[in-house]
Amino acid sequence: MPHRAQQKASPTTGEPRPIRLLIVDDSAVARAVFSRMVGERNEFEIAATVASAEAALAFLAREKVDIILLDIEMPGQDGLSAMPALIRASNGARVLIVSSSAEKGAAASIQAMTLGAADTLAKPGAGAFGGRFAQILAEKLIRIGHARETQAATTPRCEPLPQLRFRPISEQRIACLAIGASTGGLHALSDLLRGLPPSFGAPILITQHLPPSFMSIFAMQVEEMASRPTAVARPGMPLARGRILVAPGDGHLSIESGSGIPRVRITNERYESGCQPSVDPMFASVAEAFGSGAVGVVLSGMGKDGLRGAGHMAKAGCDIFVQDRDSSVVWGMPGAVAQAGLASAMLPPFQIADILVRRDRVAA
C-alpha cells in the first residue's frame, strides 16, 4: 500500500496547507529516502509513493497532488514517455524530475523541461542522499509550490471543441518563420522541423520556454533535428536564410530592421503572460519587420503566451498556424490563438510543415 503521511496543518488555523507530493520511483530505497527527507517537514505531505508510471496514473485518477517527484529510468513506461499523460491526469500538478540522468544541461533534462517538467534534480549515488541534496530537494519543492487551479494542464479530450473560425491562407512567399512553444514543445518542434526540406530557406526564429542554462543544449538539439545551422540569438545578429535562432532564456527575442537589415534585438521587459522568453514580442516584431510575409506557428504549451503577438500578426495579414488539440501535450497556447479566431489552420506539426513547404514552393 502506498504510504500516506498525516495532514500537518489544520485548515482552520489559517496557515498554508502542506504541499502534497506523489513520489514515483521504481527504487524502494529512493522512495523511502525521499519520503524521510521531506515527510518530516511541515511544508510537505506525502500523498503516496508508487513504483511505476502506471501506478501513478491510477492514483491521480482519484487523488490530487501539487508536485510529482518523477524518476526517468523505470521498468515499463519510463518517466519521460509518461510525462504528458501524468500532466493531463494531474490537472495542474508540477513535475520535478529526480533522476541520475538529469544532470544540468543533459539531453534528458532538456527533454524533461520541454515536456513540461518544472525543474530537474540529479539523483546522487548510493550513500550520498543526505546533507546538501536534502536541502536542495526541499528548496526546489518549496519554490515549485502548490499547483494553481487556474493552470489546468489542458482542455479535457472528452469536451467537444468550440466552433472555430479560420482566416484565409496566404500564397505569399515566406520571408520569416516564427515559432512559439512551451510544454511539449520538443516533440512538436521535431515533427515540424524535420518536415522542412533544405530548400525551405526562410530564416526561422524559435521561442521555447526554458531556463537560460538549458538554451545552448536546446539549440544543439534543434540543429540536429532540423539539419540546419542553429544558434542562441544575441543582440545585433542578422537574420540569415536557412539559419535558426532560438531565444535566450533570460530575454525576449525580437527583430528590428532600422538599418534595412533585420537584426536581433533582445529585451527584458515584462509581458502579460509573465513568460521570459515570451512569444508575444517575437510575433509582434516579425509582423512589423516583414509584414504579411511573416508566418507564425504556435505549438503545444500551457497558458496564453503568443496570443497578443498573434493579434499583431493577424492585423499585418500574416498566416498563423496552431497545433491541434489531439497532438498537443497541453493545448493552452495554441488553443487560445485558435479560439480567438486568429489562426489560419489547426493541424498536427508535420501537417503544418506540409503547408509551409507547399506555400514556399507555390510562391517561388
Side-chain angles (χ1 to χ4, degrees), residues 2-5 7-9 11 16-26 30-31 34-35 37-39 41 43-72 74 77-99 102 109 111-121 123 137-159 182-186 209-211 274-275 300-304 328-333 335:
H3 168 70
R4 294 289 302 276
Q7 184 77 21
K8 298 181 180 67
R17 67 172 176 81
I19 298 169
R20 283 173 57 82
L21 308 175
L22 171 62
I23 299 173
V24 186
D25 197 306
D26 63 304
R31 295 196 304 274
F34 294 153
S35 297
M37 282 181 177
V38 299
R41 297 182 58 134
E43 301 100 317
F44 307 114
E45 173 190 352
I46 308 298
T49 65
V50 296
S52 68
E54 293 81 2
L57 289 170
F59 179 81
L60 291 170
R62 61 182 187 273
E63 295 279 353
K64 282 190 143 186
V65 299
D66 296 301
I67 301 175
I68 303 169
L69 274 73
L70 181 63
D71 189 20
I72 291 179
M74 296 184 293
Q77 190 173 25
D78 65 86
L80 293 180
S81 299
M83 198 181 305
L86 291 170
I87 289 173
R88 287 193 290 267
S90 65
N91 196 36
R94 282 65 178 269
V95 177
L96 173 63
I97 293 290
V98 184
S99 171
S109 295
Q111 188 174 3
M113 295 292 284
T114 56
L115 282 170
D119 205 344
T120 65
L121 178 61
K123 184 190 295 184
L137 174 62
E139 289 172 354
K140 284 182 178 286
L141 292 172
I142 291 170
R143 181 180 58 78
I144 295 171
H146 295 95
R148 296 188 182 95
E149 296 297 331
T150 57
Q151 287 188 335
T154 185
T155 304
R157 295 297 202 268
C158 59
E159 288 188 8
S182 186
T183 305
L186 190 62
H209 297 160
L210 280 175
C275 299
S300 176
M302 188 177 293
K304 296 183 178 181
S328 297
V329 173
V330 179
W331 200 59
M333 287 166 52

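Because only heavy atoms are used, hydrogens play no part in the values below, and waters and symmetry mates are left out as well, while side chains stay in.
S182 contributes atom OG, which lies 9.5 Å from atom CE of M113 (distance to the nearest 0.5 angstrom). To the nearest 0.5 angstrom, D66 atom CG is 4.0 Å from R17 atom CZ. Interatomic distance, M83 CE to D78 CG, rounded to the nearest 0.5 Å: 9.0 Å. Atoms OG and CG, from S109 and L80 in turn, are 9.0 Å apart once rounded to the nearest 0.5 Å. The distance from the NZ atom of K123 to the CG atom of D71 is 3.5 Å, given to the nearest 0.5 Å. A distance of 10.5 Å separates CG of L121 from CD of E139, quoted to the nearest 0.5 Å.
Of all heavy-atom pairs spanning R88 and S328, the tightest one is NH1-O, 4.0 Å. Among all heavy-atom pairs drawn from A56 and L86, the shortest one is CB-CD2, 3.8 Å. In this structure, S52 and M74 approach most closely via the heavy-atom pair CA-SD, 4.5 Å. L57 approaches A89 most closely through the heavy-atom pair CD2-CB, 3.9 Å. Contact between P18 and F44 at its shortest, heavy atoms only, is CB-C, 3.7 Å. Residues K64 and R20 come closest through the heavy atom pair O-NE, 2.8 Å.
For the side-chain contact (heavy atoms from CB on, under 4.5 Å) test with T120, the passing option among I97, V98, L70 is I97; the others fail. For the side-chain contact (heavy atoms from CB on, under 4.5 Å) test with I144, the passing option among L96, V95, I19 is L96; the others fail.
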Could you go through the side-chain contact (heavy atoms from CB on, under 4.5 Å) check for L60 and I68 one step at a time? CA-CA 10 Å; L60 291 170; I68 303 169; 3.9 Å; yes
Apply side-chain contact (heavy atoms from CB on, under 4.5 Å) to I23 and S35, showing your working. CA-CA 8 Å; I23 299 173; S35 297; 3.6 Å; yes
Residues L21, F34; criterion side-chain contact (heavy atoms from CB on, under 4.5 Å); working and verdict: CA-CA 10 Å; L21 308 175; F34 294 153; over 6 Å; no
As a quick check of understanding, evaluate side-chain contact (heavy atoms from CB on, under 4.5 Å) for I87 and L115, giving each step before the final call. CA-CA 9 Å; I87 289 173; L115 282 170; 5.7 Å; no
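Of the possible polar contacts, one joining the R62 side chain to the A58 backbone as a donor-acceptor pair under 3.5 Å is found.
No side-chain heavy atom of V38 sits under 4.5 Å from any side-chain heavy atom of L69. For the pair I72 and Q111, the minimum side-chain heavy-atom distance is 4.5 Å or more.
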